Amino acid sequence: MDDLSETNPFSQVPIEITISVGRARPQVRELLKLQKDAVLALDRRVDDPVELWVGDRLIARGELEEMEGENAGRLAVRLTEVANLRGGLS
């Protein structure tokens with residue numbers, strides 16, 4: 001059986017994945033007061049899972065990690081749950 005990723009012409013099309021680490025719901029007056037170095041609290045903790053989205057579809061969840069070696073200091077996501085292409089995330 002052929003590997004679908006090699007035979008499908010769409011397999012080479014890049015997509016953008018958005019990583020959601022949390023949300024904030026400030027009132028407009030609070031937002032207008034924000035200045036440089038202000039801290040905006042999110043609804044999640046540092047060790048909570050992040051969500052990976054393609055468009056409006058949740059495709060996976062994972063944990064933030066800091067890369068090592070040549071890419072030290074950059075953020076990455078270690079996947080802990082991946083959506084079934086047909087049924088979505090369980």
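Computation of the quantities below employed the complete heavy-atom set of this structure, encompassing side-chain atoms and omitting hydrogens, waters and symmetry-equivalent molecules. Position 1 is the first residue of the sequence; numbering continues from there. On a predicted model such as this, the values are computed, not experimentally measured, just so you know.
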Please examine the side chains of [Y] and [X], heavy atoms only from C-beta on, and report whether any two atoms are closer than 4.5 Å.
X: Ile17; Y: Ile59; answer: yes
X: Asp48; Y: Val46; answer: no
X: Thr80; Y: Glu63; answer: yes
X: Ile19; Y: Val77; answer: yes
X: Val21; Y: Leu42; answer: yes

Hey, could you give me the [atom1]/[atom2] distance between [X] and [Y], rounded to the nearest 0.5 Å?
X: Glu51; Y: Glu81; atom1: CD; atom2: CD; answer: 9.5 Å
X: Leu75; Y: Leu64; atom1: CG; atom2: CG; answer: 6.0 Å
X: Leu40; Y: Leu31; atom1: CG; atom2: CG; answer: 7.5 Å
X: Ser20; Y: Arg44; atom1: OG; atom2: CZ; answer: 5.0 Å

Practice task
Can you run down the salt bridge (Lys or Arg N to Asp or Glu O under 4.0 Å) pairs that involve residues 25-38, sequence neighbours left out, and say none if there aren't any?
Solution key: none
For the residue pair [X] and [Y], what are the closest heavy atoms and their distance?
X: Ala24; Y: Ala41; answer: CB-O, 3.5 Å
X: Gly62; Y: Leu52; answer: N-CD1, 4.2 Å
X: Ser11; Y: Asn8; answer: OG-O, 2.8 Å

Handout entry: Main-chain N/O of Arg23 paired to Asp43 side chain as donor or acceptor, under 3.5 Å
Key =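 Answer holds: yes.
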Practice task
Mind checking salt bridge (Lys or Arg N to Asp or Glu O under 4.0 Å) for Arg78 and listing every partner two or more places apart, or none if nothing turns up?
Solution key: Glu65
Practice task
Report yes or no: do Leu79 and Met67 belong to one cluster of Ile/Leu/Val/Met/Phe/Trp/Tyr joined by side chain heavy-atom distances under 4.5 Å?
Solution key: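 Per the 4.5 Å side-chain linkage, Leu79 and Met67 are not co-clustered.
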